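First the structure, in the form of structure tokens, and then the observations on it.
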There are 2 protein chains.
Amino acid sequence: MLGRSYESQNCSAARALEIVGERWSLMIIRHALFRGITRFGDFQRSLGVARNVLAARLDLFVEQGLMERQPSSENSAYHDYVLTDMGRELQPVIMALTHWGDRWAAPGDPPVVFRHEHCDGEVRQQTICGDCGQHLAIDEVKAHPTASSMSLA
Amino acid sequence: MLGRSYESQNCSAARALEIVGERWSLMIIRHALFRGITRFGDFQRSLGVARNVLAARLDLFVEQGLMERQPSSENSAYHDYVLTDMGRELQPVIMALTHWGDRWAAPGDPPVVFRHEHCDGEVRQQTICGDCGQHLAIDEVKAHPTASSMSLA
DNA sequence: TCCAACCAGTTGCATCAAACAACCAGGCCG
DNA sequence: CGGCCTGGTTGTTTGATGCAACTGGTTGGA
């Protein structure tokens with residue numbers, strides 16, 4: 001029996017990847033978040049994703065609570081796939097991935113820049129200590145297992 | 001001919017996913033970053049990943065510059081897979097994924113908490129406007145295509 | 001020096017995921 | 001009412017993943 005989850009891993013990143021780690025998942029969320037796409041056909045056209053895969057992903061997103069299926073308008077037979085809070089809160093993940101990609105995977109002018117809606121300033125993500133407020137470099141961050149992670153090997 | 005990249009997508013998230021989007025990739029990086037694992041066998045045991053997949057991922061990471069293969073010690077035939085800056089800078093992606101997972105995919109006590117090494121404060125990620133310095137909510141961030149994204153459909 | 005245990009892969013096969021093209025049923029609008 | 005649209009589904013092919021066994025080399029102790 002093939003494993004398709006990360007069930008031996010006791011970390012929330014593994015749990016997250018079980019939901020959004022499959023091919024096209026984050027791209028679909030990205031298009032919903034930043035291009036406002038909600039319709040099946042629009043996702044299909046703008047992403048070039050296979051219809052059976054798109055249908056399966058959207059089903060999973062609805063089932064897991066990242067999206068809701070809503071009628072496109074009153075009495076419409078068609079529906080929109082609308083992000084919930086759970087889905088919208090993937091924004092920092094997509095932004096982090098995009099910033100990394102800007103620097104390392106697609107250097108040169110970035111195709112897309114994230115901006116503050118009201119003043120057009122460029123958006124930054126910062127890693128901060130919650131106690132002393134200091135900006136943290138990569139080497140200053142450590143992962144501490146908590147009590148709840150000790151119950152597994 | 002089947003497509004296996006996101007080549008129709010002109011965004012850096014797609015480029016990034018072409019490197020780190022395959023199964024186990026981010027988990028391997030996570031173990032390298034936060035558990036300090038460098039040896040093939042240690043990755044294999046702690047992740048439970050298939051050896052052929054692990055070998056393929058590590059090869060790709062070295063080839064793409066995320067890791068370097070270095071002798072484990074002087075005159076050793078074995079080697080360490082050591083993260084480069086390119087690999088280390090995936091930390092914000094993994095932290096964002098883990099924070100999302102803490103809240104939405106594995107609620108309850110998080111198995112791992114990220115802390116500031118020196119003062120043990122909990123690490124936070126913030127989305128800030130580079131101009132006015134304001135903390136930004138999800139709806140205040142917009143993705144703006146740049147000139148370089150207009151050259152494609 | 002030899003041998004057991006270790007290391008880092010590789011191989012062949014089975015299973016599953018993704019992609020494709022064709023198709024289907026229902027909705028919509030002129 | 002018919003043509004075009006929507007949102008899928010289906011069967012097939014191709015590629016990815018996982019498994020167990022295997023290979024060749026390394027290491028260290030007897």
Side-chain angles (χ1 to χ4, degrees), chain A residues 1-9 14 17-32 36-64 67-82, chain B residues 1-9 14 17-29 31-32 37-64 67-82:
Chain A
M1 167 71 81
L2 296 178
R4 291 297 169 186
S5 65
Y6 298 105
E7 64 201 27
S8 67
Q9 301 301 298
L17 286 170
E18 280 163 357
I19 300 175
V20 297
E22 287 177 16
R23 187 165 154 80
W24 291 110
S25 289
L26 286 174
M27 294 304 301
I28 293 165
I29 299 291
R30 178 183 180 279
H31 276 61
I37 292 177
T38 58
R39 298 291 293 268
F40 183 97
D42 293 335
F43 280 118
Q44 204 277 309
R45 276 184 292 276
S46 71
L47 285 162
V49 56
R51 312 177 75 87
N52 54 322
V53 171
L54 178 58
R57 296 294 174 268
L58 293 174
D59 268 356
L60 179 74
F61 291 162
V62 170
E63 180 190 308
Q64 294 286 329
M67 285 182 170
E68 282 170 3
R69 240 188 220 108
Q70 294 176 356
S72 288
S73 56
E74 222 172 304
N75 301 327
S76 175
Y78 305 139
H79 40 265
D80 288 319
Y81 287 92
V82 178
Chain B
M1 165 71 81
L2 296 177
R4 288 297 166 187
S5 66
Y6 298 108
E7 64 200 28
S8 69
Q9 302 300 300
L17 285 171
E18 280 162 358
I19 301 175
V20 297
E22 287 177 16
R23 185 166 155 78
W24 293 110
S25 290
L26 286 174
M27 294 304 300
I28 292 165
I29 299 291
H31 277 60
I37 291 177
T38 57
R39 297 291 293 268
F40 182 96
D42 293 334
F43 281 118
Q44 203 278 309
R45 276 183 294 274
S46 71
L47 285 162
V49 55
R51 312 179 74 85
N52 54 321
V53 172
L54 179 58
R57 295 295 175 268
L58 292 174
D59 267 357
L60 178 75
F61 292 163
V62 170
E63 179 191 309
Q64 294 286 329
M67 285 182 169
E68 281 171 1
R69 240 187 220 111
Q70 294 176 357
S72 289
S73 54
E74 221 173 303
N75 301 326
S76 175
Y78 303 138
H79 38 267
D80 288 320
Y81 287 93
V82 178

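So you know, we letter chains A, B, ... as the sequences are listed, proteins then strands, and number each from 1. All values derive from a computational prediction rather than experimental measurement.
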Checklist outcome for this item: From CG of Leu47(A) across to P of dG7(D) the rounded distance in Å is 14 Å
Checklist entry - Quick one: does Ile37(B)'s side chain get under 4.5 Å of Gln44(B)'s, heavy atoms only? => result no
Checklist entry - Does a nitrogen or oxygen in the side chain of Trp24(A) sit under 4.0 Å from OP1 or OP2 of dA19(C)? => result yes
Checklist outcome for this item: When rounded to the nearest 0.5 Å, the distance separating CG of Leu60(B) from CE of Met67(B) is 10.5 Å
Checklist entry - What's the CZ-C1' distance between Phe43(A) and dT6(D), to the nearest Å? => result 15 Å
Item to check | Rounded interatomic separation in angstrom, taking CZ from Phe61(B) and P from dG9(C) | outcome: 14 Å
Checklist entry - What is the distance, rounded to the nearest whole Å, between atom CE of Met27(A) and atom P of dA19(C)? => result 12 Å
Checklist entry - Quick one: Arg45(B) CZ to dC6(C) C1', roughly how many Å, whole number? => result 9 Å
Item to check | Residue list, ring-ring contact (aromatic ring centres under 6.0 Å, His included) with Tyr81(B), at least two apart or on another chain | outcome: His79(B)
Checklist outcome for this item: When every non-hydrogen atom of Ile28(A) is compared with those of Phe61(A), the smallest separation belongs to CG2-CE1, 3.7 Å
Next on the checklist: For Gly41(B) and Ala50(A), find the nucleotide of DNA chain C closest to each by heavy atoms; which residue's nucleotide sits nearer the 5' end?
Outcome noted: Gly41(B)
Checklist entry - At how many degrees, to 10°, do the end axes of the helix from dT1(C)-dA30(D) to dG30(C)-dC1(D) meet when each uses five pairs? => result 20°
Checklist entry - What is the distance, rounded to the nearest whole Å, between atom CD of Glu22(B) and atom P of dA18(C)? => result 12 Å
Next on the checklist: His31(B): which residues meet the ring-ring contact (aromatic ring centres under 6.0 Å, His included) condition with it, sequence neighbours left out?
Outcome noted: none
Write out a two-atom table: protein N or O, nucleotide N or O from nucleotides 8-11 of chain D, distance below 3.5 Å.
residue, atom, partner, partner atom, Å
dG8(D), OP2, His79(A), NE2, 3.4
dG8(D), OP2, Tyr81(A), OH, 2.6
dG8(D), N7, Arg51(A), NE, 2.8
dG8(D), N7, Arg51(A), NH2, 3.2
dG8(D), O6, Arg51(A), NE, 3.3

Item to check | Ala14(B): partners by side chain to side chain contact (heavy atoms under 4.5 Å, CB included), with sequence neighbours left out | outcome: Met27(A), Tyr6(B), Gln9(B), Cys11(B)
Donor-acceptor list for residues 49-58 of chain A side chains, cut-off 3.5 Å, not counting sequence neighbours:
residue, atom, partner, partner atom, Å
Arg57(A), NE, Arg23(A), O, 2.9
Arg57(A), NH1, Glu22(A), OE1, 3.2
Arg57(A), NH2, Arg23(A), O, 3.3

Checklist entry - According to a strict under-4.0 Å criterion, is Arg39(B) in side-chain N/O contact with OP1 or OP2 of dG9(C)? => result no
Item to check | Side chain proximity check, Arg69(A) to Asp59(A), heavy atoms < 4.5 angstrom | outcome: yes
Checklist entry - Atom CZ of Arg23(A) and atom P of dA16(D): how far apart are they, to the nearest Å? => result 10 Å
Checklist entry - How would you list, by chain and number, every residue that makes a salt bridge (charged side-chain N to carboxylate O under 4.0 Å, His left out) with Arg39(B), sequence neighbours excluded? => result none
Give every pair of a protein N or O atom and an N or O atom of nucleotides 26-29 of chain D that lie under 3.5 Å apart, one pair per line with the distance.
residue, atom, partner, partner atom, Å
dT26(D), O4', Tyr78(B), OH, 3.4
dT27(D), OP1, Ala77(B), N, 3.4

Checklist entry - Between dG7(D) atom C1' and Met67(A) atom CE, what is the distance in whole Å? => result 15 Å
Next on the checklist: So, using side-chain hydrogen bond (donor to acceptor under 3.5 Å, both in side chains) as the criterion, who are the partners of Gln70(A) when residues are at least two apart?
Outcome noted: Glu68(A)
Item to check | With Thr38(A) via side-chain hydrogen bond (donor to acceptor under 3.5 Å, both in side chains) - residues at least two apart | outcome: Asp80(A)
